[in-house]
Every structure is written in structure tokens, then in C-alpha cells.
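One structure is given here, and the rest of the page talks about it.
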Amino acid sequence: MRNWFRRRPSPREEFARHRQELLQTWFAALAVSGSPRGLNWVGVSDAAEVIWAKGLTELAMIPVVVQFEPVAGGAMEDVPQAREPRPVVALFRWDRTRWVADGRAYFNLTPRQMIERSGGSWVEHI
């Protein structure tokens, strides 16, 4: 007798399988956003663990470091701090069938600070 039942991968398994692709999609979308003004998105490094949270849906938060370059001829070109790497949180939401990038960069916060500031609408999900 054949077993016709196939176990669907969990959201976390799906995220692990597509993590790099999701992060590249997130980065590409933000690189063309024009924000922060006067800076071009150059690169992203991802070496941190995923922080899982639960709200209305499952959330995956990755602390990353983003490298920027000032726009040539722009106001930020002579500002040394414009080239400094910046910590950012990339947020992804599970939409019941796939992971979707939130489309925003959360500067100057850690994932746990984001959870704390959510007013209880997000809880860390271990």
C-alpha cells in the first residue's frame, strides 16, 4: 500500500530553505526605495540567527548589517558616517503558504526591542 500523505514543510523549514533568496529579495526592494535619502544600498551581511515571533502570523526577524555609499554629487558625499555599516532588522511574514518580505528596514533596533515595543501584539516564539 502506498502512502499518499506527504508532510508539508513547516514555515520554519521553508524559511531555512529560502533564507538567502528572501534576504536578497528584501535587499533588492529596499535598494531601489530611495531611503535613506542620499545613500545607495551596496551590500548586506547576514550572520545572525533568526528571531521568531508570533503576531497575527508567524514572523521571522534577521538582524543584518547594511553597507551604504553616498550618491555621487549628493549632500552625503562628504559625510564620513554615510559609509559606516548600519545594523538593520529584516522582517518576514508567513502568509499561510509562503514567506513575504515586510518591505521595510528597521534601523537602530534589535528584534527583541521590536517585540518589546509592539505593545504585546508580537511575542517571541521559541
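Residue numbers run from 1 in the order of the sequence given.
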So which pairs with a foot in residues 15-35 pass salt bridge (charged side-chain N to carboxylate O under 4.0 Å, His left out), sequence neighbours left out?
-> E14-R17, R19-D46

So which residues get pulled into L56's cluster when ILVMFWY side chains under 4.5 Å apart are joined, directly or through others?
-> none

Within residues 105-126 or reaching into it, pairs that qualify as salt bridge (charged side-chain N to carboxylate O under 4.0 Å, His left out) - sequence neighbours excluded = R112-E124

So do P63 and P87 actually touch side chain to side chain, heavy atoms under 4.5 Å?
-> no

Which residues share a side chain to side chain contact (heavy atoms under 4.5 Å, CB included) with P85, sequence neighbours left out = V65, Q67

For residues 86-100, which residue pairs qualify under salt bridge (charged side-chain N to carboxylate O under 4.0 Å, His left out), counting only residues two or more places apart or in two chains?
-> R93-D102, D95-R98

Sort and list the pairs that fulfil ring-ring contact (aromatic ring centres under 6.0 Å, His included) and have at least one residue in residues 53-74, not counting sequence neighbours.
-> W41-F68

L22 CG to W26 CH2 distance, which is reported to the nearest 0.5 Å = 12.0 Å

Looking only at heavy atoms, the pair that brings A105 and V88 closest together is CB-CG1, 3.6 Å

The remaining residues in the hydrophobic cluster of L91, counting side-chain heavy-atom contacts under 4.5 Å among Ile, Leu, Val, Met, Phe, Trp and Tyr, are I51, L59, M61, V89, Y106, L109, M114, I115, W122

Contact check, side chains of I62 and F92, non-hydrogen atoms, under 4.5 Å = yes

Under a single-linkage definition using a 4.5 Å side-chain heavy-atom cutoff for Ile, Leu, Val, Met, Phe, Trp and Tyr, are F107 and V44 assigned to the same hydrophobic cluster?
-> yes

Side chain to side chain contact (heavy atoms under 4.5 Å, CB included) involving S10 - partner list, sequence neighbours excluded = R12, E13

Taking only residues at least two apart or on different chains, which pairs with a member in residues 61-78 satisfy salt bridge (charged side-chain N to carboxylate O under 4.0 Å, His left out)?
-> E69-R83

For W52, enumerate each residue passing the ring pair (Phe, Tyr, Trp, His ring centres under 6.0 Å) test, keeping only those at least two apart in sequence or located in another chain.
-> F15, W99

Is it the case that one hydrophobic cluster holds both V50 and V100, taking links as side-chain heavy atoms less than 4.5 Å apart, direct or via other members?
-> no

Smallest separation among heavy atoms of A90 and L23, with atom names = CB-CD1, 4.0 Å

List in chain and number order the residues that pass side chain to side chain contact (heavy atoms under 4.5 Å, CB included) with E84, two or more places apart in sequence or in another chain; answer none if no residue qualifies.
-> Q81

